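The next block holds one structure in the form of structure tokens; read it before the comments.
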Amino acid sequence: MRPVLVILAGFALVTLLLGWTRWLSNRRWAAAGNLALGVVAAGLAVWLWPLGLHLETYQPHRPGQAIADLFLEQTGSNQFRASLTRFPSGRMQVFELTGTQWRVEARTLAWIGRAVEFGIPPSHRLERLSSRADSVADGVDLIQTAYALAEDRGADLWTQAQRSPIWNRALEAGLAASAWQPMANGARFELRIGPDGLQASPLNAAASASLAAAR
């Protein structure tokens, strides 16, 4: 979105300069039209710029597309090192987790209504990686370790899409979270966003064995 905003800002500048030269040439009506158009374009660029910065923290995805994988290494009693690799960038982050279960949460944005006609794909932002002990009762959110996976920039369009009657007609903002998954040495899981939210699937025997043992 940033290239579009840069073009819009450039158009506003050129239009304002053209209006100024026409004003100096005593072509007042033409100058007024150029100046009005330039002011509108500049105001639109200023208004959209913070939203564009926020959208840059999201990644587009197709339904069912793998967005990341998580690899676990045990470093001690109920201590694990988690390597999270994002797709398609390949960016890797390493975290130290405490407990026996992990979960990833993500924000999602999907254009709806007439906005779909622009062909903008749905997007996501990995939001938080958490861990806890499996002895925690269902319905009790006792987090032992939590890491933020995203950095806010610009205007929070995700929150506005939930609260603003202007944006919620064009955008559907959601929060997807994987089910709590067991942590095991050498286990690798793949993360996908599907119709039921964020899904974690085992990728190797260690991950499959940990899921079977947790049932």
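If you're wondering where the values come from, they're calculated on a predicted model, not measured in any experiment. Scope of the values below: all heavy atoms of this structure, side chains included, with no hydrogens, waters or symmetry mates.
- For the atom pair CD (Gln79) and OG1 (Thr100), the distance works out to 11.5 Å, reported to the nearest 0.5 Å.
- Here the closest non-hydrogen pair linking Glu73 and Asn185 is CA-OD1, 3.5 Å.
- Of all heavy-atom pairs spanning Leu129 and Ala82, the tightest one is CD2-CB, 4.5 Å.
- Taken to the nearest 0.5 Å, the CD atom of Gln59 stands 10.0 Å off from the CD1 atom of Ile67.
- The nearest pair of heavy atoms linking Leu175 to Ala106 is CD1-O, 3.3 Å.
- A donor-acceptor distance shorter than 3.5 angstrom exists from the side chain of Ser178 to the backbone of Val104, with no hydrogens or angles considered.
- Within the model, atoms NE2 of His61 and OG of Ser123 stand 7.5 Å from one another, a figure rounded to the nearest 0.5 Å.
- From Phe189, atom CZ reaches atom CG of Leu211 across 4.5 Å, with rounding to the nearest 0.5 Å.
- In terms of the salt bridge (charged side-chain N to carboxylate O under 4.0 Å, His left out) criterion, residue partners of Arg188 (sequence neighbours excluded) are, by chain and number, Asp69.
- The shortest side-chain heavy-atom distance between Asn78 and Leu97 does not fall under the 4.5 Å cut-off.
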May I have the list of side-chain donor-acceptor pairs in residues 193-201 shorter than 3.5 Å, sequence neighbours left out?
none

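- In terms of heavy atoms, Arg192 sits closest to Ala66 at NH1-N, 3.4 Å.
- Separating the OH atom in Tyr58 from the CH2 atom in Trp158 is a distance of 7.0 Å, to the nearest 0.5 Å.
- Judged by distance alone, the side chains of Thr57 and Arg125 do bring a donor and an acceptor atom under 3.5 Å apart.
- A donor-acceptor contact shorter than 3.5 Å links the side chain of Gln65 to the backbone of Arg62.
- Inter-residue side-chain proximity for Leu84 and Val94 is flagged as unmet; no heavy-atom pair is nearer than 4.5 Å.
- Leu149 and Leu72 fall within a single hydrophobic cluster, where Ile, Leu, Val, Met, Phe, Trp and Tyr are joined by side-chain heavy atoms under 4.5 Å apart, directly or via other members.
- Between Arg86 and Gln93, the side chains place a donor N or O and an acceptor N or O closer than 3.5 Å (distance only, hydrogens not considered).
- Ring centers of Trp102 and Phe80: at least 6.0 Å apart, outside the cut-off.
- Listed by chain and number, the residues in a ring pair (Phe, Tyr, Trp, His ring centres under 6.0 Å) with Tyr147 are Phe95 (sequence neighbours excluded).
- If you check the side chains of Arg132 and Gln144, you find no donor sitting under 3.5 Å from an acceptor.
- One distance of note links CG of Asn204 with CD of Glu190; it measures 11.5 Å at 0.5 Å rounding.
- Of all non-hydrogen atoms in Ser130 and Arg128, the two that sit nearest each other are OG-NE, 3.3 Å.
- Across Pro60 and His124, no two heavy atoms sit closer than the pair O-CE1, 4.2 Å.
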